Protein chains: 2
Amino acid sequence: MNDKVEIMPKHRILIVDDEAAIRDMLSIALDAAGFNVLEAANAQQAHASIIDNQPDLVLLDWMMPGTTGLELLRRLKRDELTAKIPIIMLTAKAEEDSKIAGLDAGADDYIPKPFSPRELISRVNAVLRRVGREALKEPITIGELIFDPLGHRVSIAGESINLGPTEYRLLQFFLTHQERVYSRGQILDYVWGGNVYLDERTVDVHIRRLRKAISVAGHENYVQTVRGAGYRFSAQMSNA
Amino acid sequence: MNDKVEIMPKHRILIVDDEAAIRDMLSIALDAAGFNVLEAANAQQAHASIIDNQPDLVLLDWMMPGTTGLELLRRLKRDELTAKIPIIMLTAKAEEDSKIAGLDAGADDYIPKPFSPRELISRVNAVLRRVGREALKEPITIGELIFDPLGHRVSIAGESINLGPTEYRLLQFFLTHQERVYSRGQILDYVWGGNVYLDERTVDVHIRRLRKAISVAGHENYVQTVRGAGYRFSAQMSNA
DNA sequence: TTTGCGCTGTCATATTTATGTCATGTTGGG
DNA sequence: CCCAACATGACATAAATATGACAGCGCAAA
């Protein structure tokens, strides 16, 4: 058997609420429950933080000055890159309407105020468990290449492939964003995380390492160079 | 200097409202803002006008006798041909319900009555801008040729075509400006960018490279030479 | 604590690809 | 039939990317 003693990395939770008091309350409760807490006071901050920090879950207040929670929710769900981040709406309105509209727009759960910290934590965990299962569910197969998120393993034609952490994330990113060109800057943002300052050429090097790793058979040209634009992962071989 | 006097074609806006007074008010405001205005007094007229005139945007009253705005909205969004036309709902109901239902059904924005002409114009422009941006990401298909901006890929009959960055931009320019002649100077400006000094003959060379690249089958004469004037991209083959 | 090893990011250098210009061949209209 | 306009292939150069090497770092085993 394998070493399953892996430490679960702390989940990052972003709290979006215009009232500092509520943010503090939530923050304390979530922190005590072992989460990593981020905060934003409005939709703009929230959006920036989501791009930068890629939180695992967003707690989103329904009513906010300026862009409302619902609008932000829709915007997030419209963008492919943020669409899969689970959202829990918080609302003081006890009406069914809000609940339905929120869920329709893609919220994963809905917590009416007032709520107890216990209930909050329980719902958060429930949503994380659910989406966790879904996100990690099926391995991604492409030709002979199998990417198994559960086992954190990549194999080609049965042979297990050795990838460094960065190459693993890079491959995961590509597999979940196929047939589309990404600039080096974008790749740095999505694979390395928002606020790193790195030479863009670093991407080239990791691309090369990834290519080398998966080039066991003839599986090289999945990762394609698009001159002047960036890189693209494509299942459809570009040759005849 | 060059002839940069390109005329922005007026956007066509369809107003759908059963009250003539409101139609007039909207019409005047939109006309003053430089839009081309169409009108319809009920859902049937509206539907016919949308099919016939392909407006760039529809202003749709929520409450109308007979088929309501919401029903028309749903119908339009169901039909592939009209699904992409942006719709702004107008409503007297200030309730969240309407807003949510409208947005859920696919409306692009929602303006509660009463509203100022200024707000109307601003929202219309905002929606048109957003839709315009999104349109840039849509693949362009012309015969067997597919131009996919997101994948940064051009293919003919399924086969991927190899283009240099400049040829790619040149093709993109032509695809978004079809059926019109552009001088070499104009093409230099649009494709190379304003401040380059290059021999105009350079355009010829790139035109040739583009032609060669897309001439896999018989797809050559999309790019047509107009003696003494420049070049034109035309989908309708000019043979025979 | 020390040692060793795998990972990373950065360079300098090699390799590939794209670009603009030129010389020369073709074409079309008057 | 002639001339101006356009097409084409070749080429030197510039630009972008690939590659191999390397040193610092963190972590885990000894």
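The analysis underlying the following values was restricted to heavy atoms, covering all of them including side chains, and did not include hydrogens, waters or symmetry mates. Source: prediction; values computed, not measured. We name chains A, B, ... by the order of the sequence lines, and we start the count at 1 in each one.
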Given side chain to side chain donor-acceptor pair (under 3.5 Å), test Asp31(A) with Ser27(A) step by step and report yes or no. CA-CA 6 Å; Asp31(A) 188 68; Ser27(A) 179; over 6 Å; no
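- Under the side chain to side chain donor-acceptor pair (under 3.5 Å) criterion, no residue pair touches residues 154-163 of chain A, with sequence neighbours excluded.
- When only modelled atom types and interatomic distance are considered, Arg232(B) and Thr225(B) share no side-chain donor-acceptor pair under 3.5 Å.
- With contacts defined as side-chain heavy-atom distances shorter than 4.5 Å, the pair Gln224(A)/Ser234(A) qualifies.
- At whole-Å resolution of the value, OH in Tyr168(B) and P in dT19(C) are 14 Å apart.
- Summarising the geometry, the separation between NZ on Lys212(B) and P on dA18(C) is reported as 13 Å, rounded to the nearest angstrom.
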With 3.5 Å as the limit, what N/O pairs link the protein to nucleotides 27-30 of chain C?
unit_1: dT27(C); atom_1: O2; unit_2: Arg227(B); atom_2: NH2; d: 3.1

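- Shown here are the side-chain hydrogen bond (donor to acceptor under 3.5 Å, both in side chains) partners of Arg184(B), two or more places apart in sequence or in another chain: Asp204(B), Tyr231(B).
- Side-chain contact between Leu59(A) and Leu57(A): present, with at least one pair of heavy atoms (C-beta onward) separated by less than 4.5 Å.
- Put simply, the side chain of Phe35(B) does not reach to within 4.5 Å of the side chain of Asp56(B), judged on heavy atoms.
- Ile142(A) is listed as a side-chain neighbour of Gln178(A), based on a closest heavy-atom distance under 4.5 Å.
- Val154(B) places a side-chain heavy atom less than 4.5 Å from the side chain of Leu171(B).
- With a heavy-atom cut-off of 4.0 Å to chain B, the contacted part of DNA chain D has its first and last nucleotide at dA5(D) to dA10(D).
- For Tyr168(B) and Phe147(B), the gap between ring centers is short of 6.0 Å.
- Protein atom CZ of Arg208(B) is 12 Å distant from nucleotide atom C1' of dT19(C), rounded to whole Å.
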Name the pairs: protein N/O against N/O of nucleotides 7-12 of chain C, kept only if under 3.5 Å.
unit_1: dT8(C); atom_1: OP1; unit_2: Pro165(A); atom_2: N; d: 3.4
unit_1: dT8(C); atom_1: OP1; unit_2: Thr166(A); atom_2: N; d: 2.7
unit_1: dT8(C); atom_1: OP1; unit_2: Thr166(A); atom_2: OG1; d: 2.6
unit_1: dT8(C); atom_1: OP2; unit_2: Glu167(A); atom_2: OE1; d: 3.3
unit_1: dT8(C); atom_1: O5'; unit_2: Thr166(A); atom_2: OG1; d: 3.2
unit_1: dG9(C); atom_1: OP1; unit_2: Trp192(A); atom_2: NE1; d: 3.0
unit_1: dG9(C); atom_1: OP2; unit_2: Trp192(A); atom_2: NE1; d: 3.4
unit_1: dG9(C); atom_1: OP2; unit_2: His206(A); atom_2: NE2; d: 2.6
unit_1: dG9(C); atom_1: N7; unit_2: Arg209(A); atom_2: NH1; d: 3.3
unit_1: dG9(C); atom_1: O6; unit_2: Arg209(A); atom_2: NH2; d: 2.5
unit_1: dT10(C); atom_1: OP2; unit_2: Asp199(A); atom_2: N; d: 3.1
unit_1: dT10(C); atom_1: OP2; unit_2: Thr202(A); atom_2: OG1; d: 2.5

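- A salt bridge links Arg123(A) with Asp109(A): the distance from a Lys NZ or Arg NE/NH1/NH2 to an Asp or Glu carboxylate oxygen falls below 4.0 Å.
- Between Tyr182(A) and His177(A), the angle of the ring planes goes over 60°, which puts this pair in the perpendicular group of the 30/60° scheme.
- Counting non-hydrogen atoms under 4.0 angstrom, Tyr231(B) reaches the backbone sugars and phosphates but no base.
- Arg211(B) places a side-chain N or O within 3.5 Å of a backbone atom of Val223(B) that can act as its donor or acceptor partner.
- Rounded to 10°, the helix from dT1(C)-dA30(D) to dG30(C)-dC1(D) has 30° between the axis fitted to its first five pairs and the one fitted to its last five.
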